[in-house]
Amino acid sequence: MNFKLFGAAALLLGLMNPLAAMPFDPLIGTWKVIDDRTGYYVSDIVIRKNSKTQQYSAVITKNRPLPGAPSSEVCSKCQGSLKNQPILGMEALKGLVADSSNKKFSQGIWISPQDGNIYTIDGRLNIAGDQMKVYGKAKNANAISNMTWRKHTEM
């Protein structure tokens with residue numbers, strides 16, 4: 001009887017060991033995007049990482065217009081092929097890369113449905129890994145965007 005219990009415990013620990021060995025990536029998951037200028041929550045994004053390129057990307061899963069702005073389901077302010085495309089499911093983040101500490105991120109491209117600008121962004125995670133300050137500079141306009149991304153936690 002004790003042998004069966006020991007065998008079951010060994011099997012369970014053996015199955016859990018690969019999970020413990022998997023590295024934790026603090027950026028992967030769902031984040032709330034807050035516009036630092038207004039303090040308003042503007043969207044939810046889901047961040048993924050390409051295992052081949054090690055670059056992060058994100059799609060918008062929920063969009064809220066800024067106060068006073070008309071509600072729109074399409075990116076009316078976007079340019080080029082994104083003009084009038086649905087905001088939900090839009091890839092708003094491309095090419096973000098982490099440094100060796102996984103706390104600083106750079107070289108990202110952020111497409112803002114709020115103003116239609118394309119920003120080059122950098123970010124820094126806080127110590128807890130549940131907030132990231134994101135700084136962006138527009139490529140074609142003299143605009144700067146500061147955002148706070150807050151990690152969505154499941155209850």
Side-chain angles (χ1 to χ4, degrees), residues 9-67 69 74-75 77-83 85-155:
L11 179 62
L12 182 61
L13 288 174
L15 291 174
M16 289 175 52
N17 190 27
L19 294 176
M22 290 178 66
F24 170 73
D25 193 316
L27 212 55
I28 294 174
T30 301
W31 294 77
K32 292 191 175 301
V33 177
I34 292 118
D35 180 300
D36 283 356
R37 184 177 44 84
T38 63
Y40 193 70
Y41 153 57
V42 294
S43 61
D44 283 353
I45 58 173
V46 175
I47 298 178
R48 296 180 180 99
K49 185 176 184 179
N50 183 310
S51 61
K52 291 180 182 176
T53 66
Q54 299 300 303
Q55 294 180 344
Y56 295 92
S57 62
V59 295
I60 297 174
T61 58
K62 185 175 185 179
N63 187 56
R64 296 179 56 185
L66 292 171
V74 297
C75 193
K77 295 182 179 181
C78 289
Q79 303 296 315
S81 64
L82 290 175
K83 179 87 173 159
Q85 293 300 310
I87 294 173
L88 295 183
M90 182 174 94
E91 187 176 42
L93 172 66
K94 298 177 185 179
L96 192 67
V97 295
D99 71 353
S100 60
S101 72
N102 259 1
K103 295 289 182 187
K104 293 181 185 175
F105 300 85
S106 61
Q107 302 174 23
I109 303 298
W110 176 260
I111 301 164
S112 172
Q114 284 74 32
D115 62 17
N117 287 328
I118 298 173
Y119 295 89
T120 302
I121 63 168
D122 297 318
R124 178 186 288 265
L125 275 175
N126 66 356
I127 293 172
D130 62 350
Q131 284 192 12
M132 186 156 102
K133 292 300 259 179
V134 179
Y135 309 97
K137 184 169 173 29
K139 288 183 169 188
N140 298 332
N142 193 16
I144 293 175
S145 176
N146 294 320
M147 301 173 278
T148 299
W149 295 353
R150 291 193 182 129
K151 186 96 179 219
H152 179 68
T153 55
E154 299 292 327
M155 294 289 188

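All values derive from a computational prediction rather than experimental measurement.
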For this session: Go through the structure and list residues passing salt bridge (Lys or Arg N to Asp or Glu O under 4.0 Å) with Lys32, not counting sequence neighbours.
Result: Asp44
Seminar exercise, completed: Smallest heavy-atom separation, Met147 atom then Ser145 atom, equals CG-OG, 3.8 Å
Problem set entry | Inter-residue atom distance Ile45.CD1 - Thr30.OG1, 0.5 Å rounding | 9.0 Å
For this session: Identify, with sequence neighbours excluded, every residue that meets salt bridge (Lys or Arg N to Asp or Glu O under 4.0 Å) alongside Asp115.
Result: none
Problem set entry | Worked verdict on Gln54 versus Lys49 for side-chain hydrogen bond (donor to acceptor under 3.5 Å, both in side chains) | CA-CA 6 Å; Gln54 299 300 303; Lys49 185 176 184 179; 3.1 Å; yes
Problem set entry | Over all atoms of both residues, closest heavy-atom pair of Gly89 and Val59 | O-CG1, 3.8 Å
Exercise. Which atom pair, heavy atoms only, marks the closest approach of Gln114 to Asn63?
Worked result: NE2-OD1, 3.4 Å
Exercise. Would you say Ile121 and Leu93 make side-chain contact, with heavy atoms under 4.5 Å?
Worked result: yes
Problem set entry | Check: Arg150/Tyr41 side-chain N/O donor and acceptor closer than 3.5 Å | no
For this session: Check Ser112 against Tyr119 and note the closest heavy-atom contact, atom names and distance.
Result: CB-CE1, 3.8 Å
For this session: Not counting sequence neighbours, which residues clear side-chain contact (heavy atoms from CB on, under 4.5 Å) with Arg37? List them please.
Result: Asp35, Leu66
For this session: List for me each residue that meets ring pair (Phe, Tyr, Trp, His ring centres under 6.0 Å) alongside Trp31, sequence neighbours excluded, and say none if there are none.
Result: none
For this session: Check whether the side chains of Tyr56 and Asn50 place a donor and an acceptor atom closer than 3.5 Å, and report yes or no.
Result: no
Exercise. Are side-chain N/O atoms of Gln131 and Lys151 paired as donor and acceptor at under 3.5 Å?
Worked result: no
Problem set entry | Distance (rounded to the nearest 0.5 Å) between Met132 CE and Ile47 CD1 | 6.0 Å
For this session: Could you pull out the closest heavy-atom pair between Pro113 and Cys75, with the gap in Å?
Result: CA-SG, 3.7 Å
For this session: State, yes or no, whether a side-chain contact exists between Arg124 and Val134 at a heavy-atom distance under 4.5 Å.
Result: no
For this session: Give a yes or no on whether the backbone of Ser101 and the side-chain of Asp99 come within a donor-acceptor separation of less than 3.5 Å.
Result: yes
Exercise. Can you say whether the rings of Trp110 and Trp149 are parallel (under 30°), tilted (30 to 60°) or perpendicular (over 60°)?
Worked result: tilted
Exercise. Can you name the closest pair of heavy atoms from Leu27 and Leu96 and give their distance?
Worked result: CD2-CD2, 3.9 Å
Exercise. Is the shortest side-chain N to carboxylate O distance from Asp36 to Lys133 below 4.0 Å?
Worked result: yes
Exercise. What residues, two or more places apart in sequence or in another chain, satisfy side-chain contact (heavy atoms from CB on, under 4.5 Å) together with Ile118?
Worked result: Ile109, Ile111, Lys139
Exercise. Is the closest side-chain heavy-atom distance between Ser43 and Lys62 below 4.5 Å?
Worked result: no
For this session: Would you sort out whether Arg64 and Val42 count as a side chain to side chain contact (heavy atoms under 4.5 Å, CB included), showing the intermediate values?
Result: CA-CA 5 Å; Arg64 296 179 56 185; Val42 294; 5.5 Å; no
For this session: Apply salt bridge (Lys or Arg N to Asp or Glu O under 4.0 Å) to Lys77 and list each qualifying residue two or more places apart in sequence or on a separate chain.
Result: none
For this session: Answer yes or no: are there more than 12 heavy-atom neighbours, outside Lys104 itself, under 6.0 Å from its atom NZ?
Result: no
Seminar exercise, completed: Rounded to the nearest 0.5 Å, the CD1 atom of Ile87 sits from the CG atom of Leu82 at a distance of 10.5 Å
